[in-house]
Visitor: 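Could you have a look at this structure, given as structure tokens, before my questions?
Order of listing sets the numbers, starting from 1, for every ligand and every atom in it. As a basis for the values below, the full set of heavy atoms in this structure was taken, side chains included, without hydrogen atoms, waters or symmetry mates. Position 1 is the first residue of the sequence; numbering continues from there.
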Amino acid sequence: MEYREIKAPNLEDAKFIIKKEYGDRARIIKTINESEGGFLGLGKKKYVKVLISITESDLLENYRKNLGINKIPKKEENHQEQINKLVTKEESLTLSLLMEKMNNIEKVIQKGNSDKRDDIPPNIAEMKDILKENEFSDEFINKFVKDALDTLPMSKIENRVELHHYSYDYIKDKILIDNDSKFDENKKKVLVLVGPTGVGKTTTVTKIAANGIRDKVKVELITIDGYRIGAKYQLEKYAEIMNTEMSSAEDKLELQKLVSLSASNLILVDTIGRSQRDEMNLVKMKQLLDIKNCEVDFVLAISATTKPREVERIFKSFDIFDYKSVIITKLDESDTIGAIISTSIAKNKGLLYYTNGQRVPNDIERANTFNIMSKIKGLEMEVILKNSKF
Ligand SMILES: Nc1nc2c(ncn2[C@@H]2O[C@H](COP(=O)(O)OP(=O)(O)OP(=O)(O)O)[C@@H](O)[C@H]2O)c(=O)[nH]1
Ligand SMILES: [Mg+2]
């Protein structure tokens with residue numbers, strides 16, 4: 001079974017197109033009235049979207065009939081050639097129908113050859129699109145589709161809201177939250193922030209410090225970024241404002257000494273931003289950060305603005321630090337975090353914080369499943385609200 005979405009100015013036009021394109025055997029499943037454009041609610045253009053089901057053989061047969069082509073194009077033929085062949089035969093249709101037809105032909109070829117969505121029910125296809133829109137990895141999406149098809153009865157799949165509930169729980173149950181990294185006055189803990197350049201490590205270190213101080217934790221800041229003009233100064237300024245200790249370590253011995261002698265409960269180490277491609281310097285930094293005789297957690301800071309294809313690479317490059325958890329920074333600049341969520345799930349890393357602005361100390365939140373799930377766009381509002389704490 002194939003599913004098609006037809007867009008037309010009104011239902012009558014949509015039916016005309018459906019009849020012309022797919023003949024009598026196309027079945028209308030759903031009609032949605034929508035509007036687009038306009039300004040402040042004025043001048044919106046109304047249109048209707050109609051979802052129909054049709055079998056693939058009928059579909060191709062109808063294309064063939066409509067376009068006056070006797071042979072169904074072979075699958076191995078170049079897609080563009082197929083489209084060109086079909087389009088050049090088309091002389092009588094109006095330009096709009098022609099455009100519609102080309103889109104549909106492209107979809108048939110794509111679906112037939114690559115996506116294999118032929119058997120996917122429309123609600124699962126829609127959820128697949130939502131996950132894609134949120135930039136979840138292909139691996140995550142494919143597993144989701146498989147699990148949904150394997151575990152859900154058809155009655156639940158066909159109920160859109162039920163499927164949204166399932167999807168919400170599916171993702172929520174997989175997200176890991178780092179709840180262990182609690183800072184208290186009875187022990188000494190070192191938190192080392194590593195990550196690519198400019199993601200907001202120094203800013204985040206100061207935000208965590210300020211929140212620690214607020215919670216009556218004795219906090220100390222250490223930077224190993226003492227060489228860069230301005231880098232040390234940036235942290236020094238914040239330490240001064242927060243009235244907390246701040247030191248700079250130039251080598252492994254110095255760092256170890258500072259940590260061993262510290263009487264603080266939370267020692268935050270700010271590191272030098274390193275590109276995920278700069279493997280040599282990442283190894284050097286790892287050697288410097290080899291702190292002994294103390295509880296040390298490495299945390300990867302990664303910006304929500306990172307391109308999806310870079311996310312996995314960053315996670316992988318910083319593997320040498322054996323980081324325990326992840327901080328998502330700059331969520332105010334991009335709220336598309338599917339790539340970071342799916343990669344942290346795949347790599348078994350917990351989410352610790354997310355930051356959502358430049359203001360110190362306000363723009364930081366401890367991660368929990370609810371606030372992370374609320375960042376996923378496209379899920380039904382009633383599903384979000386039902387799971388919301390508020
Ligand atoms: N919009 C936004 N900007 C942020 C956030 N966190 C940090 N920044 C800004 O990002 C810029 C870089 O922040 P830093 O804290 O210096 O980043 P860094 O990772 O320490 O940079 P390097 O040490 O050079 O690698 C600054 O302008 C910060 O104000 C955030 O959550 N949202
Ligand atoms: Mg920095």
Visitor: With respect to atom 5 (C) of ligand 1, which of Gly200, Pro196, Gly357 exhibits the smallest heavy-atom separation?
Guide: Gly357
Visitor: Do ligand 1 and Thr329 have nitrogen or oxygen atoms that lie under 3.5 Å from each other?
Guide: no
Visitor: Could you measure the distance from the NE2 atom of His164 to the CG atom of Asp169? Nearest 0.5 Å is fine.
Guide: 13.0 Å
Visitor: Which ligand 1 atoms does Thr355 reach within 4.0 Å, using its non-hydrogen atoms?
Guide: 30 (C), 31 (O)
Visitor: For atom 7 (C) of ligand 1, which candidate among Asn356, Thr203, Thr223, Thr305 provides the closest heavy atom?
Guide: Thr203
Visitor: Which atom names give the shortest non-hydrogen contact between Thr271 and Lys201, and what distance separates them?
Guide: O-CE, 3.6 Å
Visitor: Would you say Thr336 and Lys377 are linked by a side-chain donor-acceptor pair, where the criterion is simply a distance under 3.5 Å?
Guide: yes
Visitor: Check this for me, if you would: do Arg160 and Glu380 make a salt bridge, where the nitrogen-to-carboxylate-oxygen distance has to be below 4.0 angstrom?
Guide: yes
Visitor: Which residue holds the protein heavy atom closest to atom 8 (N) of ligand 1, what is that atom called, and what is the gap in Å?
Guide: Lys330 CE, 3.8 Å
Visitor: Looking at atom 32 (N) of ligand 1, what's its closest protein heavy atom, distance included?
Guide: Asp332 OD1, 2.8 Å
Visitor: So which heavy atom in the protein is nearest atom 16 (O) of ligand 1, and how far is it from that ligand atom?
Guide: Gln234 NE2, 3.2 Å
Visitor: Taking atom types as modelled and ignoring hydrogens, do the side chains of Glu365 and Tyr354 form a donor-acceptor contact shorter than 3.5 angstrom?
Guide: no
Visitor: Going by the angle between their ring planes, with limits at 30° and 60°, are Phe144 and Tyr166 parallel, tilted or perpendicular?
Guide: tilted
Visitor: Between Arg366 and Asn371, does a side chain to side chain contact (heavy atoms under 4.5 Å, CB included) hold up when you go through it step by step?
Guide: CA-CA 9 Å; Arg366 189 93 195 198; Asn371 57 24; 6.0 Å; no
Visitor: Using distance alone, with no hydrogens and no angle criterion, decide if Ser264 and Glu220 have a side-chain donor and acceptor under 3.5 Å apart.
Guide: yes
Visitor: N/O of Val199 under 3.5 Å from N/O of ligand 1, yes or no?
Guide: yes
Visitor: Carefully, step by step, assess Leu221 and Glu245 under the rule side chain to side chain contact (heavy atoms under 4.5 Å, CB included).
Guide: CA-CA 6 Å; Leu221 303 172; Glu245 283 180 46; over 6 Å; no
Visitor: Counting distance only, does the side-chain N/O of Thr197 pair as donor-acceptor with the main-chain N or O of Ser275 below 3.5 Å?
Guide: no
Visitor: Would you mind telling me if ligand 1 is within reach of the side chain of Lys201, the backbone, both or neither, using heavy atoms under 4.0 Å?
Guide: both
Visitor: Using a distance threshold of 2.8 Å, what protein N/O/S atoms lie below it relative to the Mg ion (ligand 2)?
Guide: Thr202 OG1
Visitor: Relative to the heavy atoms of Arg228, which atoms of ligand 1 are at a distance of less than 4.0 Å?
Guide: 22 (P), 23 (O), 24 (O)
Visitor: Given Gly198, Ser303, Gly230, which one has a non-hydrogen atom that is nearest to atom 12 (C) of ligand 1?
Guide: Gly198
Visitor: List ligand 1 atoms under 4.0 Å from Gly273, heavy atoms only on the residue side.
Guide: 25 (O)
Visitor: Quick check: does Asp363 get an N/O under 3.5 Å from an N/O on ligand 1?
Guide: no
Visitor: Tell me yes or no: between the side chains of Thr202 and Asp270, is some donor less than 3.5 Å from an acceptor?
Guide: yes
Visitor: Around atom 3 (N) of ligand 1, find the nearest protein heavy atom and jot down its residue, atom name and distance.
Guide: Gln358 CG, 3.2 Å
Visitor: Is the distance between the ring centroids of Tyr323 and Phe318 under 6.0 Å?
Guide: no
Visitor: Between Phe298 and Phe321, is the ring centre distance below 6.0 Å?
Guide: yes
